[in-house]
Amino acid sequence: MINPGGSEQNLPSALAISSFIEKRVRKKKSKYDEYFTRIGELAECKICGVKVSWTKNGGTNSLRLHLSTRHKDVFEKLSIDDLEYKRLRGLSTNKTPSKSTPPPSTPHTPIYSEQLEDIKPFDNPNFMPDVRHFPSAQVTEIDNALMTMICNNQVPVKLLESRDFANVLRTVPQNFVLQPLEYYTQFTLPLLVANIEDKIRFELSRPPKLAVSIDLFSPENSKNQVCVVNAAYMNPDTMLPKQVLIDYKVFSKEYGNMDFYMSRISNLVDTRVKSLTITSHEQFSQHVEEGLNEMGPLPSFTDLLNEIMHESFAQHFPLIKKQKEILQGCLQHFDIYHLNLASSTSGLTEEVLKSSHYLGWDQHKEVIQMIFDAAERQKSFRGDDVKRFFKLTEEEFEITDLMRAIYKEFDHPTTYINHRYYPTASWIIPTLRVLWHNIEQLSKNYRSPNTKAILNILQPALQSKFEKCQRNMILKTAAFLDPRFRGNFFTEPHESYMQRKFEEYDRQFSTDGSDMDVKPADITGFHYFTYRGNSATPQRSDNFAKELSEYAKEHVSLNMDPSDFWTMFEAKFPLLKQIASEYLAIPASATRAKECYEAGQKICTLTQDNVISHQNLVYCYANLNEYGSH
């Protein structure tokens, strides 16, 4: 990095510069000629003999990709040589600025014109380009501050190239030089990411069990999708749950399969020494349906409800489209209806309303609520009939009114019993049971053929999901260890299962460890506690049975927070508390993919040429507050 206030005595001589430049350009049409022999539209690597495609349209992307994946040392040397060449050339044509010269008000000429982001990971999903091929340099405090500002405030990263921003920086100390955008995206940013990754990796090495969730989002009119992987765990001392974003990646839709994402997770978390619980996106519904057994992967609760509602309203998609159009019309008259989407809690936007895709259940709930609010406001002004305002037929209004009543029943069990930090898997089974009961009661008030047809689909769908989720022992144990629910929502008691499994694994892992050949990853759920504990004693099983009995009798208010309960009763239920710490952090749904993508679009619009920068900026956006550089 050039110090604008430095002396010129250390500058290279004109002869050295000329010699370096001549050496770089002599008898070469391209820097890649040293490593490839071109034959038509192919280029043969001189190092390994592999032939790669080379066309005028594709440029040198394929050559650069080959070097970066097969010959990283050569690629790194090539990148450093490039930077040195450009640095020397810049010194030969530019005078060193004096201390009285303010920072330039126009963007610098990029020193990294060979953008590593031109490598297109869409072409090969298993290739994760390493952009950290830069000469050693010191990232300054202000470099970190700039990137933190960009990520935390979702400011477009191109702000760093703007004239106005450069003018603002004239007020900073005279020895500060605003670097080109590529310096921040390809040097400062990867170092920030690496620093955050190290902190997260260390933090996740401590808990024995992690709950991993995989969420996907497919942007409108795009061939790509984004994937977010979160890891959740609970501090056994404070009993506070926590979620950490450990991966954000952009892939082609064709590569979205469970095996591929599981391989990604194994690279992020050492699955050999971790017990994992997976909550997955609806795209993997086949895996989830197959896994809704004793210990299989978990469904995303949001996706479960979406599936139920889409099935129930499948015959009324034209009506839902009409409802969206009514709301769009109301939004254009804010002065009359006072409606806007800024306060939406479901991600409802104008783009979503215009889309032909299905709405999420919570988005549809907001649409229904907002158009009824608009109708009531119109009625108070003009005395118009609600149906007349909607311009709906009698049948359409009857079904719309039923939809509103159904979503009203959804409100209490999906919001009131949430954990104060985030929705956890412990309330999936109780919520489905309550919804099933509520819809049974609701059916008594709607007896027309049109409404009964919907309810006759909805009730069995809720019952089916409830019964399937009860067969998953992870979900059932999580609900049992939530003191608000315990065994109150099960069709079969769970205490006997807990006792049997405790004794089974207590016997299995009661050795002194000398002949233990079972990996921690082979141990599921609360069984890890017995593995970590001391040698078994005759009282352990009796103690556990006593805790189960006392736990069932303990009076607990539905307002009691699970974390507070287990902290208060730690001395009374030490074994159960330890088990609870490994279950109550499991998230109810796979989330954040859409949120992260939209934040990333504000910071750095995703294109084929800036995938890596987009990914890194979103990763920092999600983690800088907690794992920043300071």
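Values reported hereafter were calculated over all heavy atoms of this structure, with side chains retained and with hydrogens, waters and symmetry mates removed.
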Return the [atom1] to [atom2] distance between [X] and [Y], rounded to the nearest 0.5 Å.
X    : Y    : atom1 : atom2 : value
C151 : L192 : SG    : CG    : 7.5 Å
L146 : T148 : CG    : OG1   : 8.5 Å
F165 : L159 : CZ    : CG    : 5.5 Å
C604 : L189 : SG    : CG    : 9.0 Å
I326 : L331 : CD1   : CG    : 12.0 Å
N144 : M149 : CG    : CE    : 12.5 Å

Atom of [X], atom of [Y] and distance for their closest heavy-atom approach:
X    : Y    : result
L178 : L160 : CD2-O, 3.5 Å
I150 : P156 : CD1-O, 3.8 Å
V157 : L181 : O-CD1, 3.5 Å
L624 : M147 : CD1-O, 4.1 Å
G600 : V618 : CA-CG2, 3.4 Å
G347 : S344 : N-OG, 3.4 Å

Check: [Y] and [X] side chains under 4.5 Å, non-hydrogen atoms:
X    : Y    : result
L348 : L353 : yes
L216 : V226 : no
K249 : V229 : no
V352 : L359 : yes
I214 : V228 : no
V193 : C620 : yes
Y422 : P241 : yes

- Query: Who pairs with Y621 by ring pair (Phe, Tyr, Trp, His ring centres under 6.0 Å), at least two apart in sequence or on another chain?
  - Reply: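 None.
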- Passes side chain to side chain contact (heavy atoms under 4.5 Å, CB included), C596 versus L245? Steps please. CA-CA 10 Å; C596 288; L245 185 144; 3.6 Å; yes
Under 3.5 Å: donor-acceptor pair, side chain of [X], backbone of [Y]:
X    : Y    : result
Q615 : V250 : yes
N306 : W361 : yes
S355 : H357 : yes
N610 : T605 : yes
Y233 : K209 : no

- Item | Partners meeting salt bridge (charged side-chain N to carboxylate O under 4.0 Å, His left out) with K594 (sequence neighbours left out) |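 K594 satisfies salt bridge (charged side-chain N to carboxylate O under 4.0 Å, His left out) with E598 only.
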- With side chain to side chain contact (heavy atoms under 4.5 Å, CB included) as the test, would you mind laying out the steps for I603 and V155 before giving the verdict? CA-CA 5 Å; I603 301 171; V155 177; over 6 Å; no
- Query: Are any of the side-chain nitrogens in D362 or K365 under 4.0 Å away from the carboxylate oxygens of its partner?
  - Reply: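 Looking at D362 and K365, the cut-off is not met.
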- Would E203 and K242 pass as an ion pair if we require N to O under 4.0 Å?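 Answer for the salt bridge query: yes.
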- Any residue meeting side chain to side chain donor-acceptor pair (under 3.5 Å) with T188, in chain and number order, not counting sequence neighbours: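 Side chain to side chain donor-acceptor pair (under 3.5 Å) list for T188, sorted by chain: empty.
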- Item | CA sep, side-chain torsions, deciding dist, call: Y358, F313, ring pair (Phe, Tyr, Trp, His ring centres under 6.0 Å) | CA-CA 10 Å; Y358 276 110; F313 298 150; over 10 Å; no
Is the number of heavy atoms from other residues, nucleotides or ligands under 6.0 Å of [X] [atom1] greater than 12?
X    : atom1 : result
E325 : CD    : yes
K46  : NZ    : yes
F202 : CZ    : no

Checking side-chain polar atoms at under 3.5 Å, does [X] have a donor or acceptor matched by the opposite partner on [Y]?
X    : Y    : value
E366 : T345 : yes
N152 : N625 : yes
Q243 : Y421 : no
E197 : Y619 : no
H614 : Y248 : yes
S213 : T279 : no

- Task: Begin from the C-alpha positions of T424 and I586 and carry the test side chain to side chain contact (heavy atoms under 4.5 Å, CB included) through to its verdict.
- Result: CA-CA 6 Å; T424 57; I586 300 173; over 6 Å; no
- Message: Show, in sequence, the C-alpha distance, side-chain angles and deciding distance for D143 and Y183, and conclude whether the side-chain hydrogen bond (donor to acceptor under 3.5 Å, both in side chains) test is met.
- Response: CA-CA 10 Å; D143 289 338; Y183 170 85; 3.0 Å; yes
- Item | side chain to side chain contact (heavy atoms under 4.5 Å, CB included) assessment of K354 paired with E351 | CA-CA 5 Å; K354 294 175 183 176; E351 289 74 20; 5.9 Å; no
